[in-house]
Amino acid sequence: MYRLLIPSLGRGLLRAAARRCRICSARLLPGPAGGRALELVVRPSQVAPHGGGLGLLPLLAALAWFSRPTAAEEEEELPGAGGAAAKDAADEAEAEIIQLLKRAKLSIMKDEPEEAELILHDALRLAYQSDNKKAITYTYDLMANLAFVRGQLENEDNAIIEISLKLASIYAAQNRQEFALAGYEFCISTLEEKIEREKELAEDILSVEEKANTHLLLGMCLDAYARYLLFSKQPSQAQRMYEKALHISEEILGERHPQTIVLMSDLATTLDAQGHFDEACVYVQRASDLARQIEHPELHMLLSNLAAILMHRERYAQAKEIYQEALKQAELKKDEVSIQHIREELAELSRKK
């Protein structure tokens, strides 16, 4: 949901960070006996009560501390310094990240926080480019610490919530359920409470743009949490999150915005996973129609989702037609993963017929 953010939201800690987010919908994957099943990547866990527990800064500290090395191990663990792997060409980026983080620490020690922040942005960008999860987590940790020391952030500052959300997503990918779920829950509950309190504030106190930024950040959190729930095989809970995120996106960005269209398709996926094929088809058909109108960059993936849901309704001829259209679009985009997926689905359709 990162593309929900309007430009000014990124100012502060994250304004120069290169966010690598995927705008495409959750894809239906092959299941037993030719059906479709959702890929299980994480397991469900107990979630802290809504609105309770620690504040965001203690939560962020706990998340960061979970993977922080001890002082004696820091050179070895930050991130992957030394060892035979560092000698390979593939580890050049890792070595550069280490140097950047050392420079950032030195700038902090020399009381040059602005310079440290710029260096940390460079380290974060390189960490994303090299997909170094340990470096990403460690860099966010340093960024949060720097902001806290400088007194820039309060518990409800949008930048600190963005960092907490990113850490929650990292822990979700690592299957560290308690930290991931706590992060998602606290981000959402804190933003909802913040929005409620600021609802009646005059524009001269809090601008319309700032209010919109907070709403869009909430949409981002809801979207991330929904994806986590969906792949945890909790589609009914994911549906509620997607419905809220879609409402925010439609209200602020409009129905024809690319992110709104993606959320429509994602909501359709959750409905499809529950067997609500007719309702799912309404959402995914609308998403596909809008995607064609605006020449959505991920049109082929949206069409692929539409075709999969049509298959569940046993509308095989129409599904084949949509898959063929999706295949042409995927070939234009040179998306080899999607091309392979669509060809497999067309082969499955042939067997069903």
Side-chain angles (χ1 to χ4, degrees), residues 1-10 19 21-28 158 165 188 191-192 195-196 199 207-227 229-230 235-274 276-310 312-313 315 318-319 321-322 325-326 329-330 332-333 335 338:
M1 188 89 173
Y2 288 108
R3 296 192 187 183
L4 275 178
L5 301 179
I6 53 183
S8 62
L9 183 58
R19 297 189 180 93
C21 62
R22 186 163 181 163
I23 193 172
C24 59
S25 305
R27 178 174 292 163
L28 296 170
N158 285 354
L165 174 62
I188 291 169
L191 286 169
E192 286 178 339
I195 288 170
E196 187 63 29
K199 188 181 297 182
S207 70
V208 173
E209 181 185 36
E210 289 175 305
K211 290 182 179 180
N213 280 339
T214 302
H215 278 83
L216 293 174
L217 180 55
L218 174 59
M220 177 199 297
C221 296
L222 291 165
D223 177 35
Y225 191 28
R227 280 184 276 114
L229 292 168
L230 182 59
S236 61
Q237 294 94 319
Q239 177 187 338
R240 290 194 292 272
M241 299 299 111
Y242 273 131
E243 286 171 344
K244 292 179 181 180
L246 178 59
H247 176 74
I248 291 171
S249 190
E250 287 179 327
E251 184 177 354
I252 296 179
L253 301 173
E255 186 185 46
R256 293 169 60 86
H257 190 277
Q259 187 59 50
T260 304
I261 294 170
V262 167
L263 287 168
M264 286 182 194
S265 183
D266 287 341
L267 177 56
T269 300
T270 65
L271 293 165
D272 181 84
Q274 298 173 77
H276 305 319
F277 303 137
D278 291 342
E279 191 177 357
C281 201
V282 171
Y283 278 104
V284 77
Q285 183 70 65
R286 180 59 177 160
S288 299
D289 291 343
L290 289 168
R292 289 190 186 97
Q293 292 173 23
I294 70 166
E295 299 182 353
H296 197 291
E298 304 294 346
L299 174 59
H300 59 292
M301 305 192 79
L302 296 165
L303 291 172
S304 181
N305 271 8
L306 170 59
I309 292 172
L310 289 170
H312 289 170
R313 299 184 71 192
R315 293 165 59 175
Q318 189 178 358
E321 181 181 341
I322 298 298
E325 181 185 356
Q329 292 293 328
L332 288 173
K333 293 288 184 180
D335 184 345
S338 292

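Predicted, not measured: the structure shown is a model, and the values here were computed from it. Quick note: numbers below take in every heavy atom, side chains included, and nothing from hydrogens, waters or symmetry partners.
- Taking OG of Ser249 as the start and CE of Met264 as the end, the distance is 8.0 Å to the nearest 0.5 Å.
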Handout entry: Pair Met220-Leu165, side-chain contact (heavy atoms from CB on, under 4.5 Å): steps then yes or no
Key = CA-CA 9 Å; Met220 177 199 297; Leu165 174 62; 3.2 Å; yes
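- Applying the salt bridge (Lys or Arg N to Asp or Glu O under 4.0 Å) criterion to Glu295, with sequence neighbours excluded, gives no partner residue.
- With sequence neighbours excluded, no residue satisfies salt bridge (Lys or Arg N to Asp or Glu O under 4.0 Å) with Arg240.
- With sequence neighbours left out, Ser207 forms a side chain to side chain contact (heavy atoms under 4.5 Å, CB included) with Glu209, Glu210.
- Looking at Asp266 and Leu246, their side chains never come closer than 4.5 Å, going by heavy atoms from C-beta outward.
- To the nearest 0.5 Å, atoms CG (Leu303) and CD (Gln285) are separated by 9.5 Å.
- For the pair Met301 and Lys333, the minimum side-chain heavy-atom distance is 4.5 Å or more.
- For the pair Ile248 and Gly219, the tightest heavy-atom approach, listed with the atom from each and the gap, is CD1-N, 3.9 Å.
- One finds the CG atom of Leu306 at 10.0 Å from the CG atom of Leu299 (value rounded to the nearest 0.5 Å).
- Applying the side chain to side chain contact (heavy atoms under 4.5 Å, CB included) criterion to Arg315, with sequence neighbours excluded, gives Cys281, Leu310, Arg313, Gln318.
- The SG atom of Cys221 lies 9.5 Å from the CD atom of Glu192; values are rounded to the nearest 0.5 Å.
- Annotation: salt bridge (charged side-chain N to carboxylate O under 4.0 Å, His left out) contacts involving residues 284-293, sequence neighbours excluded, comprise Glu255-Arg286, Asp289-Arg292, Arg292-Glu325.
- Looking at Thr270, its side chain does come within 3.5 Å of a backbone N or O of Leu267 through a donor-acceptor pair.
- Checked against side chain to side chain contact (heavy atoms under 4.5 Å, CB included), Ile294 has the following partners two or more places apart in sequence or in another chain: Arg256, Pro258, Ile261, His296.
- Residues Ser265 and Ala287 share a closest heavy-atom pair of N-CB, 4.0 Å.
- Partners of Glu279 by side chain to side chain contact (heavy atoms under 4.5 Å, CB included), not counting sequence neighbours, listed by chain and number: Leu271, His276, Tyr283.
- Under the salt bridge (Lys or Arg N to Asp or Glu O under 4.0 Å) criterion, Glu243 pairs with no residue at all, not counting sequence neighbours.
- Annotation: side chain of Asp223 is in contact with side chain of Tyr242 (closest heavy-atom distance under 4.5 Å).
- Under the rule for a side-chain hydrogen bond (donor to acceptor under 3.5 Å, both in side chains), Glu250 has no partner lying at least two apart in sequence or in another chain.
- Atom OG1 of residue Thr269 and atom CG of residue Leu263 lie 11.0 Å apart, to the nearest 0.5 angstrom.
- Judged as a side-chain hydrogen bond (donor to acceptor under 3.5 Å, both in side chains), and not counting sequence neighbours, the contacts of Gln274 are Gln239.
- Between atom OG1 of residue Thr214 and atom CG of residue Leu191 there is a gap of 7.0 Å, rounded to the nearest 0.5 Å.
- At distances below 3.5 Å, at least one donor-acceptor pair connects side-chain atoms of Ser288 with backbone N or O atoms of Val284.
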Practice task
Starting from the C-alpha separation in whole Å, work towards a yes-or-no answer on side-chain contact (heavy atoms from CB on, under 4.5 Å) for Gln293 and Leu290.
Solution key: CA-CA 5 Å; Gln293 292 173 23; Leu290 289 168; 3.9 Å; yes
Exercise for the section: Evaluate the criterion side-chain contact (heavy atoms from CB on, under 4.5 Å) for residue pair Arg227 and Leu230; output intermediate values, then yes/no. Expected result: CA-CA 5 Å; Arg227 280 184 276 114; Leu230 182 59; 5.6 Å; no
